[in-house]
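This report concerns only the one structure given below.
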Amino acid sequence: MTNHESISVSRVIDASAKDIYEFLTLPRNHVTMDGSGMVRGAVNGDQRLLKVGDVFTMEMFADSQGGDYQRDNHVSGLVENTVVAWKPARPGEEPGGWEWAYELEQQGPDKTLVTETYGWGDVTDMKLKARFPMVPEKALQDSLAKLASQF
């Protein structure tokens with residue numbers, strides 16, 4: 001569902017919330033589940049996300065960004081088996097106000113409702129905000145499909 005400041009999609013995945021959380025907190029896995037086609041690799045991708053404030057760096061590609069680039073992702077939410085969220089930033093800068101979040105809701109022993117949200121409500125640069133969403137809802141749907149295929 002898209003509103004004026006976020007996009008959210010949900011899907012039930014045949015895996016426990018614990019297994020999905022473990023997958024999401026290992027940055028190297030983000031390449032295999034990216035539905036946008038922009039994520040190319042993870043710098044130090046085997047370093048698990050452990051707490052809010054951790055930063056992980058991703059290798060990215062987008063024509064709109066001039067080709068190859070990096071993003072530092074600042075962990076903004078981390079609740080074991082429940083939430084994994086981060087706010088992207090240019091390397092060495094503070095986040096610009098948009099966030100990616102995964103919420104996990106256990107539906108049974110091996111079923112979890114996963115909701116992915118891409119939000120830009122905290123973007124204060126109005127010229128930049130006018131460009132959102134930069135990633136379409138279909139990319140989020142594709143990400144959840146790719147995440148589901150990992151289990």
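- Between Phe56 and Trp86, the ring-plane angle classifies as perpendicular under the 30° and 60° cut-offs.
- Using a 4.5 Å cut-off on side-chain heavy atoms (C-beta onward), Phe23 and Met33 make contact.
- Under the 4.0 Å criterion applied to side-chain N and carboxylate O atoms, Lys138 and Asp142 are assigned as salt-bridge partners.
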- I would like to know whether Val114 and Leu144 meet side-chain contact (heavy atoms from CB on, under 4.5 Å); could you show each step before the answer? CA-CA 8 Å; Val114 180; Leu144 290 186; 3.7 Å; yes
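- Taking each heavy atom of Ala89 and Glu93 in turn, the nearest pair found is CB-O, 3.4 Å.
- Rounded to the nearest 0.5 angstrom, Glu99 CD and Ser76 OG are separated by 3.5 Å.
- When all heavy atoms of Pro109 and Ser16 are compared, the pair lying nearest together is O-CB, 3.7 Å.
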- Message: Run Asp68 and Arg40 through salt bridge (charged side-chain N to carboxylate O under 4.0 Å, His left out) and show every step you take.
- Response: CA-CA 9 Å; Asp68 293 322; Arg40 302 292 190 203; 5.3 Å; no
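- The two residues Pro91 and Gln70 make their nearest non-hydrogen contact at CD-O, 3.5 Å.
- Judged by distance alone, the side chain of Lys146 and the main-chain N or O of Asp34 form a donor-acceptor pair under 3.5 Å.
- In this structure, Thr117 and Glu103 approach most closely via the heavy-atom pair OG1-OE2, 4.4 Å.
- Counting heavy atoms from C-beta on, the side chains of Leu78 and Val84 come closer than 4.5 Å.
- Leu113 and Tyr21 are not part of a single hydrophobic cluster, where members link through side-chain heavy atoms under 4.5 Å apart.
- Side-chain atoms of Lys18 and Leu104, non-hydrogen and from C-beta on, never get closer than 4.5 Å to each other.
- Gln65 places no side-chain N or O within 3.5 Å of a backbone atom of Gly67 that could act as its donor or acceptor partner.
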- Should Thr82 and Tyr102 be marked as a side-chain contact (heavy atoms from CB on, under 4.5 Å) after you check the CA-CA gap, both sets of side-chain angles, and the distance that decides it? CA-CA 8 Å; Thr82 306; Tyr102 289 82; over 6 Å; no
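- A salt bridge between Arg71 and Glu59 is absent, with no side-chain N of the basic residue lying under 4.0 Å from a carboxylate O of the acidic one.
- Between Ser64 and Met134, every side-chain heavy-atom pair lies at or beyond the 4.5 Å cut-off.
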- Item | Candidate pair Arg28 and Asp46, rule side-chain contact (heavy atoms from CB on, under 4.5 Å), full reasoning | CA-CA 6 Å; Arg28 71 177 163 152; Asp46 290 328; 2.8 Å; yes
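- Under the 3.5 Å distance criterion, the side-chain polar atoms of Trp120 are matched with a main-chain donor or acceptor of His4.
- Remark: Asp125 CG to Arg131 CZ distance equals 9.5 Å, nearest 0.5 Å.
- The side-chain heavy atoms of Val9 and Thr115, taken from C-beta on, include no pair separated by under 4.5 Å.
- Salt-bridge check for Arg90 with Asp72: failed, with every basic side-chain N at 4.0 Å or more from each acidic carboxylate O.
- Trp98 has its ring centre no less than 6.0 Å from the ring centre of Tyr118.
- In terms of heavy atoms, Ser143 sits closest to Gly35 at OG-N, 2.8 Å.
- In this structure the side chain of Gln107 never reaches within 4.5 angstrom of the side chain of Thr112, judged on heavy atoms.
- We find the CZ-CG distance between Phe132 and Leu128 to be 4.5 Å, quoted to the nearest 0.5 Å.
- Follow the hydrophobic side-chain contacts under 4.5 Å out from Leu24 and you reach Val75 in the same cluster.
- Residue Asp63 comes nearest to Phe61 through the heavy atom pair OD1-CZ, 3.4 Å, listed as atom of the first residue, atom of the second, then distance.
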- Task: Begin from the C-alpha positions of Ile13 and Lys111 and carry the test side-chain contact (heavy atoms from CB on, under 4.5 Å) through to its verdict.
- Result: CA-CA 6 Å; Ile13 294 179; Lys111 288 201 180 304; over 6 Å; no
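- The closest side-chain heavy-atom distance from Pro27 to Met58 is below 4.5 Å.
- Side-chain contact check for Asp54 versus Arg48: every heavy-atom pair is 4.5 Å or farther apart.
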